[in-house]
Amino acid sequence: MKNILLVLTILFVGLFANAEDFNATIQMKNGDIVSGTTTFTTFNLKTKYGTLQIPAKNVYEITLGTFTDYSQASTINTQLKQLQMASENEAKSIYNQLLSKGTPILGIVKDFTNSNDYAFTESFTYTVDDLLEELYKKANMNYMSSTNDLISFDDNNTIEGTIDINTILLNTDYGKLTIDRSKISSIDISYIDKALGENTYKLFANKNITGNYDDDNAWVKTGVTVKTGDQIIISATGKAKLESLSGGFYGPNGYVGGEEDEAYNEEDDIPYGSLVFKIGEEGDEIKAGSNYKGTADKSGTIFISIYETVFDKTNSGGYTVKVIKK
């Protein structure tokens, strides 16, 4: 995976004329999963090199750390230096002042502990390390985990920094929810192409193949999240030419024409070329074919792909897939 690590601020732009709709699956810090639709336009990325503008429809995942107010960095760093050299009474006063500023200074304090200004202190109370631990608790985060947000877009590009999102307005099947970012662990989004329709996705044979082990895009993460007992309805059309299978033509149910590869067996539980899905990243592969109706046996987000154990980047064509839960 290509990683681009930048210190940045991402400004969330709300409901404007050019806003577009997205399926969104929100993983809450308490383990809950909520899915629905929301609206984004462009993420403006402010870095020390300048400002980038990434169209929201290019983004597929956002992982939230905690918001850090770097405008306070100079003042906080000065106080942290003082804290290391202060007497116990002075240290207590500085410590409480810093702690009262809350999680917006967490990233600054963590950066300080990795800087040349940090010095180990023999004191057992009111130390920089104690402060960092308390701020992690306030943020409801594991101690020493990354404080930064991560935004993933295009072909596995990942940018690290701070995303200025305070709340997400999510339209669900049961009403509208306004979710505070402090409650959110991650957000998976997928652009709703109105030409295709809601909950409709494209699978490309030169990318979305189960045997494409070196590419995180082998499986397409849909915007559909189910709970145990939900009904799943999947329909698909299209044709793919799979060079890995002697260049034959395949559809969502398997082989349809051209040269039939000797490895192909239509009696297999999942014939090569079939449309498959799974619930959750570690779920079992299930044949969907061109028409599938079934019941979810677990909770999680639905992933879809084209079944073939060997990947060939010269494959062509693909399937259009609609996924519905009831």
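Sequential numbering from 1 along the given sequence is applied to the chain's residues. Given the structure is predicted, the values throughout are model-derived calculations rather than measurements.
Note: Y264 and Y255 have tilted aromatic rings, judged against thresholds of 30 and 60 degrees for the angle between ring planes. Between Y307 and Y272, the angle of the ring planes stays under 30°, which puts this pair in the parallel group of the 30/60° scheme.
Pairing each heavy atom of F40 with each of T38, the nearest pair is CE1-CG2, 3.3 Å. The two residues G273 and L242 have their closest heavy-atom pair at CA-CD1, 3.9 Å. Listed here is the closest heavy atom pair of I179 and I184: CG2-CG1, 3.7 Å. Y95 approaches T127 most closely through the heavy-atom pair CE1-O, 3.5 Å. In this structure, A296 and V226 approach most closely via the heavy-atom pair CB-CG2, 3.8 Å. Nearest heavy-atom pair across P252 and G238 is CD-O, 3.6 Å.
Counting heavy atoms from C-beta outward, T113 and V128 have side chains that approach closer than 4.5 Å. Between Y319 and F204, the closest side-chain pair of non-hydrogen atoms is not below 4.5 Å. Contact check for K92 versus N96: side-chain heavy atoms found under the 4.5 Å cut-off. Residues D284 and K278 are not in side-chain contact: their nearest non-hydrogen atoms beyond the backbone lie 4.5 Å or more apart. Counting heavy atoms from C-beta outward, L80 and L131 have side chains that approach closer than 4.5 Å. In this structure, the side chains of W219 and N208 stay at 4.5 Å or more apart for every pair of heavy atoms. Using a 4.5 Å heavy-atom threshold, the side chains of F277 and K287 count as separate. The shortest side-chain heavy-atom distance between Q79 and Q97 falls under the 4.5 Å cut-off.
Applying the 6.0 Å contact sphere to NZ of K313 captures no more than 12 heavy atoms from other residues, nucleotides or ligands. Heavy atoms from other residues, nucleotides or ligands lying under 6.0 Å from CD of Q231 number more than 12. Residue-environment remark: NZ (K325) exceeds the threshold of 12 foreign heavy atoms within 6.0 Å. A 6.0 Å sphere centred on NZ of K293 holds no more than 12 heavy atoms belonging to other residues, nucleotides or ligands.
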Residues D312, S244; criterion side chain to side chain donor-acceptor pair (under 3.5 Å); working and verdict: CA-CA 6 Å; D312 191 320; S244 56; 5.9 Å; no
Candidate pair S93 and E90, rule side chain to side chain donor-acceptor pair (under 3.5 Å), full reasoning: CA-CA 5 Å; S93 176; E90 292 173 331; over 6 Å; no
Residue pair D129, Y118: steps toward the side chain to side chain donor-acceptor pair (under 3.5 Å) verdict: CA-CA 10 Å; D129 293 293; Y118 171 75; 2.6 Å; yes
Verdict with supporting geometry, D69 and S71, side chain to side chain donor-acceptor pair (under 3.5 Å): CA-CA 5 Å; D69 183 4; S71 68; 2.5 Å; yes
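In the hydrophobic clustering of ILVMFWY residues, with side-chain heavy atoms under 4.5 Å counting as a link, V323 and I233 come out apart. Both L170 and M28 are members of a single hydrophobic cluster when ILVMFWY side chains are connected at heavy-atom separations under 4.5 Å. Note: the hydrophobic cluster containing I209 does not contain F249 (ILVMFWY, side chain heavy atoms under 4.5 Å, direct or indirect links). Note: the hydrophobic cluster containing L203 also contains Y292 (ILVMFWY, side chain heavy atoms under 4.5 Å, direct or indirect links).
Remark: side-chain polar atoms of T172 are paired, donor with acceptor, to backbone N or O of G175 under 3.5 angstrom. Without hydrogens or angle criteria, D180 side chain to T167 main chain gives no donor-acceptor distance under 3.5 Å.
Results of the side-chain contact (heavy atoms from CB on, under 4.5 Å) test with I232 over I324, T295, V224, I279 single out I279 as the only residue that passes.
Checking T210 against S305 by side-chain atom types alone, no donor-acceptor pair falls below 3.5 Å.
Note: S235 OG to L275 CG = 9.5 Å, rounded to the nearest 0.5 Å.
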